[in-house]
Amino acid sequence: MGTGQLVTLSRRLRAAGGPRLRQNFSRRIRRAAEPLHKDLQKAVQTLPLQSEGRKRNRDGRMPHGGPSPTSRPFRQMLAGSVRISVRQGASPGARIWIDRSRIEPKARNVLNQINATGRLRHPVFGNRRRWANQRSQAGWWTRRVQAGTPRMRAEVERVLRDVRRDLE
């Protein structure tokens, strides 16, 4: 099912009226996308980040830790930023995206940086003179989306067949 068929069906939904029919359509599209949404949130929380290990200070001693520069637990904050939205109208469908407004300002690019390079470079406890590198799996978001898309597409096509049958 292509975009053109979704647009045609959306117009027919609008012409048929019935807010109940539109709400049912949106709810079922959201349900089709929720497994992928949950999988991405779980992936963020369990994404392996391996450190290069602690380096010694200039005087040869191991450095001490400090308070976290963010007010919320880091992985929970990142997982909470993965959102889902359902569109109706000219371009109907579901979209899973990263809401940067839900991420602390200094960490807004973290998920894209890990997905693109497999590396997270960050200051140690906010100290911009000391930087740490952590390695992870490059393409983690892309792989999960590609793996979840066929199931989601099949579910959306099933929903569209049901709605089309209701309209006829």
Distance, nearest 0.5 Å, that separates [atom1] of [X] from [atom2] of [Y]:
X      : Y      : atom1 : atom2 : answer
Phe125 : Arg130 : CZ    : CZ    : 11.5 Å
Glu34  : Met152 : CD    : CE    : 11.0 Å
Arg28  : Gln23  : CZ    : CD    : 14.5 Å

Return the minimal non-hydrogen interatomic distance between [X] and [Y], and the atom names on each side.
X      : Y      : value
Met77  : Ala107 : CE-CB, 4.2 Å
Leu36  : Gly148 : CD1-CA, 4.1 Å
Trp131 : His122 : CE3-C, 3.3 Å
Ala116 : Ala138 : O-CB, 4.4 Å

Mind checking what makes side-chain hydrogen bond (donor to acceptor under 3.5 Å, both in side chains) contact with [X], not counting sequence neighbours?
X      : answer
Thr149 : none
Arg27  : Asn24
Arg158 : Glu155
Ser26  : Gln88

Using modelled atom types only, decide if a donor and an acceptor are shared between the side chain of His37 and the backbone of Ile96 within a distance under 3.5 Å.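 Not confirmed, His37 side chain does not pair with Ile96 backbone.
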Taking Arg108 for its side chain and Arg100 for its backbone only, find out whether a donor-acceptor pair lies under 3.5 Å.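 Yes, Arg108 side chain to Arg100 backbone: donor-acceptor pair under 3.5 Å.
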Suppose we screen for salt bridge (charged side-chain N to carboxylate O under 4.0 Å, His left out). Which residues come up paired with Arg165, at least two apart in sequence or across chains?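 Salt bridge (charged side-chain N to carboxylate O under 4.0 Å, His left out) list for Arg165, sorted by chain: Asp162.
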A quick test of your reading: do over 12 heavy atoms of other residues, nucleotides or ligands sit less than 6.0 Å from CZ of Arg128?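 No - once you tally the heavy atoms of other residues, nucleotides and ligands closer than 6.0 Å, there are 12 at most.
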Just jot down the side-chain contact (heavy atoms from CB on, under 4.5 Å) partners of [X], sequence neighbours excluded, or say none.
X      : result
Asp99  : Arg83, Trp97, Ser101, Arg102
Leu111 : Val44, Leu78, Ser81, Ile98, Trp140
Arg129 : Asn127
Gln45  : Ala79

Side chain to side chain, [X] and [Y], heavy atoms closer than 4.5 Å:
X      : Y      : value
Thr142 : Asn115 : yes
Arg95  : Arg87  : yes
Pro48  : Gln137 : yes
Pro35  : Arg151 : yes

Determine, stepwise, if the pair Gln134 / Ile114 fulfils side-chain contact (heavy atoms from CB on, under 4.5 Å). CA-CA 9 Å; Gln134 290 181 288; Ile114 294 172; over 6 Å; no
Going through the checks in order, is the side-chain contact (heavy atoms from CB on, under 4.5 Å) test met by Ile103 and Asn109? CA-CA 9 Å; Ile103 301 176; Asn109 201 29; over 6 Å; no
Test side-chain contact (heavy atoms from CB on, under 4.5 Å) on Ile29 and Val159; report intermediate values, then the result. CA-CA 7 Å; Ile29 295 289; Val159 169; 4.2 Å; yes
